[in-house]
Number of protein chains: 2
Amino acid sequence: MLEARLEQANLLKKVVDAIKDLVQDCNFDCNDSGIALQAMDNSHVALVSMLLRSEAFNPFRCDRNIALGINLGSLTKVLRAAQSDDILTLKAEDAPDVVNLVFENSASDRISEYDIKLMDIDQEHLGIPETEYAATITMPAAEFQRICRDLTALSESVSIECTKEGVKFSCQGDIGSGSVQLRQHTNVDKPGENVEIDLSEPVSLTFSLKYLVNFCKASGLSDTVKLSLSSEVPLLVEYGLSNNSYLRFYLAPKIGDEE
Amino acid sequence: MLEARLEQANLLKKVVDAIKDLVQDCNFDCNDSGIALQAMDNSHVALVSMLLRSEAFNPFRCDRNIALGINLGSLTKVLRAAQSDDILTLKAEDAPDVVNLVFENSASDRISEYDIKLMDIDQEHLGIPETEYAATITMPAAEFQRICRDLTALSESVSIECTKEGVKFSCQGDIGSGSVQLRQHTNVDKPGENVEIDLSEPVSLTFSLKYLVNFCKASGLSDTVKLSLSSEVPLLVEYGLSNNSYLRFYLAPKIGDEE
DNA sequence: TCTTCCTCAT
DNA sequence: ATGAGGAAGA
């Protein structure tokens, strides 16, 4: 059986919020190392990969591998019932029909409990190769979100160009064009505002802003975001969570004339 | 060419916000004395006149007269990309296709740059006669905004009556009637709260509240607003900016039975 | 598409 | 503390 207690129901809430527009139904794969999720969006352009390691829970218990096929719309409805400081416990049997969510408000003596019916979902398990990326940019998540939102006003796609000098997000649209350039900088006092670039080779790729804006819903999960790029390989947008857990999005570049 | 650097991108942002609901497209007329704008609203009831003198910029350079025909919706989208403390530089060639806006974050490892395509706009240059007004009221901009908003709840139009005693804003509507009276008063300690009346002849005129509320979006630009009235002449609502720059709105009075 | 909630700015 | 704007949900 699975029993996983999360001090902050909010974490799961935010995670689900960030991916529910990309994926409707998906498996939460539970085993003794934690809870993982991998799914492609309907158009197979984007991929979500989440890992909540067992250390993120306290306690965490999962005797054998369980796949919880959950409709994220249903999960969202239930999670909306959680106060932000509630403690959430996920429970499931070994061959479950339902997953059970218990919300405890630490202060009060209020306990809410929900069961969500599970579904069978074809497990298209996607091996994601560990790629060595040509460029990796670490920057404030809020700033990345801001840039994507600003450029969305002008165009459907953004070109991300990374050189030793810095990173440049640019786009062209009907009303004009826009670009935002960031230089690498480090300030020990404000590590959350640092822009760090790790480059082995300059890259320039174009992506759909709609998806990037969508990914940015995860900004609340982490102060910083890591963008990893290589030519002709999907962009990796990673939000690191505590305990080495993460929420990752992959997005295939637009090619050639599509730019 | 034009090159104009504005320490506070916010100023332009507020100006454009205040007029974009009245005017969709208009020319920014640039010459060595600054940047000016004049436009009537679609229904030709109201007129906007803005002047940003060259002294408001640092540096300011404009070799010859350039008319930048800009869609204010597009400009709004781009200005939304400015952080509030960004420095804005406007640039344009002598016979430009685009106007270029550069936002520098003062901390500035971030530079955003936008080009907005220009349009040809028929220059209906409106000579605005310098009128001697029968009454001029200077009052806190926030108070004028409040009055207009409050009275909007009751009626579509407001009558502004100015005598030696003071100024009275009043309206009648279906649910009842309302009025706000202000007496002239001066307090050296709080000059921003003064109400000053300069009267050569009592006047009473009626105006559309919808437009006045719209003008009041400019309240953020100045602590005080100046209302100038004369019989059968458009009301002048003026927000003074630093360096003798200004944002002025003119509104034709409602006549006779329309009240 | 419209309404409501939440967040940001003043 | 209040008001405005943007985002999310119905």
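Chain identifiers are assigned alphabetically (A, B, ...) following the order of the sequence lines, protein sequences preceding nucleic acid strands; residue numbering begins at 1 within each chain. The structure displayed is predicted, hence computed values, not measured ones.
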Rounded distance (Å) that lies between atom [atom2] of [N] and atom [atom1] of [X]:
X	N	atom1	atom2	result
A:R146	D:dA7	CZ	C1'	15 Å
A:K210	D:dA7	NZ	P	17 Å
A:K13	C:dC5	NZ	C1'	13 Å
B:Q8	C:dT10	CD	C1'	13 Å
A:I19	D:dA8	CD1	P	15 Å
A:D21	D:dA7	CG	C1'	11 Å
B:L79	D:dA4	CG	P	20 Å
A:K20	D:dA7	NZ	P	14 Å

Would you say A:D174 has more than 12 foreign heavy atoms packed within less than 6.0 Å of its CG?
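No, not enclosed.
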Measuring from atom CZ of B:R80 to atom CG of B:D17, what distance do you get when rounded to the nearest 0.5 angstrom?
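Reported to 0.5 Å precision, the distance equals 8.0 Å.
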Tell me what A:K77 touches on the nucleic acid: a base, only sugar-phosphate, or nothing, going by heavy atoms under 4.0 Å.
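Nothing, no nucleic acid heavy atom in range.
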Strictly distance-based, threshold 3.5 Å: is any side-chain N or O of A:N71 a donor or acceptor partner for the main-chain N or O of A:G73?
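Checked: pair present.
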Proximal nucleotide (of [options]) relative to the [X] side chain:
X	options	value
B:N10	D:dG9, D:dG6, C:dT10	C:dT10
B:R80	D:dG6, D:dG9, D:dG3	D:dG6
B:R149	D:dG9, D:dA4, D:dG6	D:dA4

Hey, is the side chain of B:K217 poking within less than 4.0 Å of OP1 or OP2 on C:dT10, counting only N and O atoms?
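Negative; the distance criterion is not met.
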Between A:Q24 and A:N42, a side-chain donor and acceptor under 3.5 Å:
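Distance-only check passes for A:Q24 and A:N42.
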